[in-house]
Amino acid sequence: MDKKLLIVGNWKMHLTVHQSSLLVHRLQERIATHRDVEVVLAPSMLALQPLSMEIDRRRFRLAAQNAYHKDEGAYTGEVSFAMLGDLVHYAIVGHSARRLYFGETLDIVRDKVQAAVRNDIVPIICIGETKQERDAGETKQVIHDQLTTALMNLTGKEIENIVLTYEPVWAITTFDGIVAKPRDVQEAIRFMRHQVEELYGERTANAVRVLYGGSVNEHDVRSYLELPEVDGVLVGAASLNYHQFSEIVKIAHQVQTEQN
Ligand code: 13P
């Protein structure tokens, strides 16, 4: 594998600005720079500005957890991708928490993906089915619908640069927290790449990075990263603990060293 592994920590709505800063300092003490691993932190919106000045940019990049799809205007309470352009390299888009708690539809996710790309921010697009959908045998249909709508207005070249994440809702710690079998992850990610290939061709399908997310921790991360289809992980709960998160990064580097 010649791509870097991408390890993203989604801190969700946790940590004050001060606590975020402390966590970054702890991570900077423990995480070495690895040329084969890219580490991305997604703190709260409030912490992005101070952390952008505190982080060692050779070791970490920042991601927003969300943003609004219009660039500016009378949208009280919102922050646009355009405003985040100087602060972040990535933005998480279509996370299941946003889809389920904040009514983000397929069309809203599509608009946000486009806004991110328009503003030179790489979207990390989350795709995945709920437990109910899985039990009803709808997994592939849900993945297909979420993926094709999200990518709808992008060119093949733009898609080569974005990040997709298979993040089944039933595997997320704060939903059902069921540990996904690597075989299930492999099957879903193969299907996602196949969808990209059908629509945009083999080159784009091979280039697009696809992550796995859902209860990933230092004990099971290796089983996902060893899959040739997986280009990294999106980590929630374990990214708030500097022992666990730095261990995950260390294991990613080990896997890369073993495979190259
Ligand atoms: P957990 O790792 O806590 O299951 O969260 C996954 C997730 O939602 C990351 O965005």
Side-chain angles (χ1 to χ4, degrees), residues 5-15 19-20 23 27 38-45 47-48 60-67 88-102 104 109 112-113 116 121-134 139 142-143 146-147 150 162-182 184-185 188-189 192 209-225 227 230-252:
L5 282 178
L6 182 57
I7 310 296
V8 186
N10 177 9
W11 296 357
K12 307 190 182 180
M13 200 176 74
H14 294 289
L15 309 183
Q19 290 166 334
S20 302
L23 181 53
L27 292 173
E38 184 178 347
V39 184
V40 177
L41 306 175
S44 75
M45 193 69 93
L48 282 173
F60 301 102
R61 281 179 157 159
L62 291 175
Q65 296 177 18
N66 178 42
V88 302
H89 192 89
Y90 292 96
I92 298 171
V93 177
H95 191 278
S96 55
R98 306 261 358 137
R99 295 184 196 258
L100 296 170
Y101 299 148
F102 301 99
E104 286 197 7
V109 173
K112 290 190 175 195
V113 169
I121 293 172
V122 177
I124 300 172
I125 307 169
C126 300
I127 285 164
E129 79 286 5
T130 61
K131 184 162 186 311
Q132 210 178 3
E133 288 162 342
R134 187 172 190 83
T139 299
V142 172
I143 292 177
Q146 292 185 359
L147 187 140
I162 66 162
V163 179
L164 299 173
T165 302
Y166 176 54
E167 195 169 57
V169 181
W170 46 269
I172 296 176
T173 317
T174 44
F175 288 100
D176 301 297
I178 300 166
V179 176
K181 294 190 188 78
D184 292 336
V185 171
I189 292 186
M192 285 166 68
R209 288 172 291 173
V210 188
L211 313 184
Y212 173 65
S215 295
V216 173
N217 59 40
E218 72 280 25
H219 305 298
D220 60 18
V221 67
R222 173 175 277 275
S223 67
Y224 301 119
L225 292 180
L227 299 171
V230 172
D231 299 313
V233 284
L234 177 55
V235 186
S239 72
L240 294 166
N241 178 302
Y242 65 94
H243 292 288
Q244 287 181 280
F245 193 66
S246 53
E247 195 59 24
I248 288 171
V249 174
K250 197 165 108 191
I251 293 166

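Nothing here was measured: the structure is a model prediction, and the numbers come from that model. Order of listing sets the numbers, starting from 1, for every ligand and every atom in it. Numbers for residues simply follow the sequence, beginning at 1. Because only heavy atoms are used, hydrogens play no part in the values below, and waters and symmetry mates are left out as well, while side chains stay in.
At least one side-chain heavy atom of Tyr212 sits under 4.5 Å from a side-chain heavy atom of Pro168. For the pair Asn66 and Phe102, the minimum side-chain heavy-atom distance is 4.5 Å or more.
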* List the steps, then state whether salt bridge (charged side-chain N to carboxylate O under 4.0 Å, His left out) holds for Glu167 with Arg99. => CA-CA 12 Å; Glu167 195 169 57; Arg99 295 184 196 258; over 6 Å; no
* **Intermediate values then yes/no, salt bridge (charged side-chain N to carboxylate O under 4.0 Å, His left out), Asp176 and Arg134** => CA-CA 12 Å; Asp176 301 297; Arg134 187 172 190 83; over 6 Å; no
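Checked against a 3.5 angstrom limit, the closest N/O atoms of Thr174 and ligand 1 fall outside it. Geometrically, ligand 1 and Gly236 share a nitrogen or oxygen pair separated by less than 3.5 Å. Geometrically, ligand 1 and Ala237 share a nitrogen or oxygen pair separated by less than 3.5 Å.
For ligand 1, the atoms sitting less than 4.0 Å from at least one non-hydrogen atom of His95 are 7 (C), 8 (O), 9 (C), 10 (O), numbered in the order shown with element in parentheses.
Counted by atom type alone, His95 and Gln65 present zero donor-acceptor pairs between their side chains at under 3.5 Å.
Here the side chain of Asp231 pairs a donor or acceptor atom with the backbone of Val210 at under 3.5 angstrom.
Closest protein heavy atom to atom 5 (O) of ligand 1: Lys12 NZ, 3.1 Å. Among all protein heavy atoms, the one lying closest to atom 9 (C) of ligand 1 is Glu167 OE2, 3.0 Å.
At least one heavy atom of Ser215 sits less than 4.0 Å from an atom of ligand 1.
Of the listed options Leu240, Val233, Thr173, Thr173 places a heavy atom closest to atom 4 (O) of ligand 1.
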